[in-house]
Amino acid sequence: MAHITVNGKQIEIDEDGFLVDPADWNEDVAKYFAGVEEVEELSEKHWEIINYLKNYFKQFGVAPMIRKLCKETGVSNKEIYDLFPSGPAKGACKIAGLPKPTGCV
Amino acid sequence: MSMVWTKETDLAAIGLKAVPETEQVEKAILEIDELRQKARALMVMLETCTKCGACKEQCHSYLGTKDFNNFPAARAELFRKVYKRYFTMSGRVLGRFAGAEELDADTIGQWMTYFYQCNECRRCAAFCPFGIDTAEVTIAARQILTNLGLLPRFFQGIANNMIKTGNNMGLPAPAIIDCVEFLEEEMKDETGLDIKIPLNKERADILYIPSSADVFTNTDTMMGVAKMFYAVDADWTIDTSILEAANFGLLFDEKAMQEHNKRLVDAAQRCGAKVVVQGECGHGWRAAKMYTDSLNGPVTFMIKHVLEVADEYLSSGKITLKPDAIQERVTLHDPCNLARAGDVIEQPRRLIKACAPNFVEMTPNREENFCCGGGSGLLMDDIIDIRVKLGKTKADQVVSTQAEFVAMPCSICKAQLPVVFKHWGINVKTGGVMDLVGKSIVLPSNE
């Protein structure tokens, strides 16, 4: 298990760099992950997507399907990759503190 | 980066145990002893290789990595030399002179590396003059590693999700319902029709088993299937206890394979299905088609692939596809488990040609096709550098076709190939065959 330090606090991350304990998430952690995932600055649109992911995960325990994420936040599939270069699963989900989606994805 | 292995403390959750390092060699030898009594075909293969080298230029793993141990005969040798040392007369007596070697920690380490650089694609078997199936050696070696507590963390996560939710992604039932409702709304917006994706019907003729990725990333595949069943007014259902075609147990643990398959059998019996239809998935097809009877049989239902079913509907006129619906230049990537001893070869071609006039075959194709490089579950980000090498031969094939769309009816291929193509700078769209069916199918009200 690895750790990152955000605001002087040690936070556990898994081998893919995803947050282990969702309770450790805060906006500064998000900003830290954004840096790792090549997102220079988190715009309003970024936050809209991050909040959508967090709420969906809170309700359903998993990340939302990508098509639904795009529709509900008003972005196209291409725009998601412009905003999060590593993509909705590896980029946006990581920044939002969700676990990494697994399986044949 | 290299493969990340499951932590000892995470093994119990999926019914496995770590064998202490000092005891691993002894345990592995016992495992081989058991195998040689149960798996006689495998033993014949181990004893038959003449090192003719025919497999070398036929294996994309060797071609992509140029690592000698990825040459199929050499890969099998990692296992064969140990088998010979302990279980053959010449091996015991002549040792190295008979190509036999003792098992040690280094060799176990090599097993962990090289049996996880084999995609179990069986292309070597198609070209071997003796029909030696290296994939069977890989499967056996991985099972032994699993029994020692050595398996990739990626598989532990999937196995854990499978136990908890009945699908590899770990989607709980409320999430599945939410996904399905969303897709139904999407189809209504698109067609004006109330096309449903039935869940957990008490009674249905057809039990459909999608890949869980079909309600997460590959939603065009799911909607294509729903439209098809709507067009023929099929009595079908999905069962949320088995929203997973991909039987990963086939890739590392027979017990997990049996448990996954049992969910399939139970669900089919619960709804009284006459046919179980497997969605666009390669390994799931092989596991369900070839192993159901021996794992959990006998069963009274038929097992068919969604492309078999779609092809039957097409040729009998039950569905019609608009012949010029897909204008792009389309090629087909034959998933290994469909084209090599899977009997789903001509069906995807007929379906594509019925709606895409600009279809071009890649070379080679059908049972001689090259693997995508993600086969046998090699989708871990930990080994991305290996994966893109494994996919290089496929990338070259696609470039030669100058295709704009590559149809690939398997979730692993759909996950692996976009990554491979991006790495090698190939700009091409990808998706399933049912995606194309969904885009071109003539639906009752818009005839």
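Each chain gets a letter, A, B and so on, in the order the sequences are listed, and its residues count up from 1. As a basis for the values below, the full set of heavy atoms in this structure was taken, side chains included, without hydrogen atoms, waters or symmetry mates.
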Among B:N218, B:D178, B:L183, B:V419, single out the residue with the greatest number of heavy-atom pairs under 4.5 Å to chain A. B:D178
Top contributor to chain A interface from B:A213, B:A175, B:A415 [non-hydrogen pairs under 4.5 Å]: B:A175
Tell me, for A:P99 versus chain B, whether the close heavy atoms (under 4.5 Å) come from the side chain, the backbone, both or neither. neither
Residues in salt bridge (Lys or Arg N to Asp or Glu O under 4.0 Å) with A:D14, at least two apart? none
Donor-acceptor contacts, no H, no angles, side chain residues 241-251 of chain B, under 3.5 Å, sequence neighbours left out:
residue : atom : partner : partner atom : Å
B:S241  : OG   : B:D239  : OD1          : 2.8
B:S241  : OG   : B:R270  : NH2          : 3.0
B:E244  : OE1  : B:N168  : N            : 2.7
B:E244  : OE1  : B:S212  : OG           : 2.5
B:E244  : OE2  : B:S212  : N            : 3.4
B:E244  : OE2  : B:A246  : N            : 3.3
B:N247  : OD1  : B:G249  : N            : 3.1
B:N247  : ND2  : B:M257  : O            : 3.1

At a 4.5 Å cut-off on heavy atoms, which part of [X] comes close to chain A: side chain, backbone, both, or neither?
X: B:D220; value: side chain
X: B:L379; value: side chain
X: B:D382; value: side chain
X: B:K7; value: side chain

Determine the sole option in B:V215, B:V180, B:I176 for which the side-chain contact (heavy atoms from CB on, under 4.5 Å) test with B:I197 is passed. B:V180
[Y] backbone acceptor or donor facing [X] side chain under 3.5 Å:
X: B:T430; Y: B:M408; value: no
X: B:R286; Y: B:G342; value: no
X: B:N200; Y: B:T240; value: yes

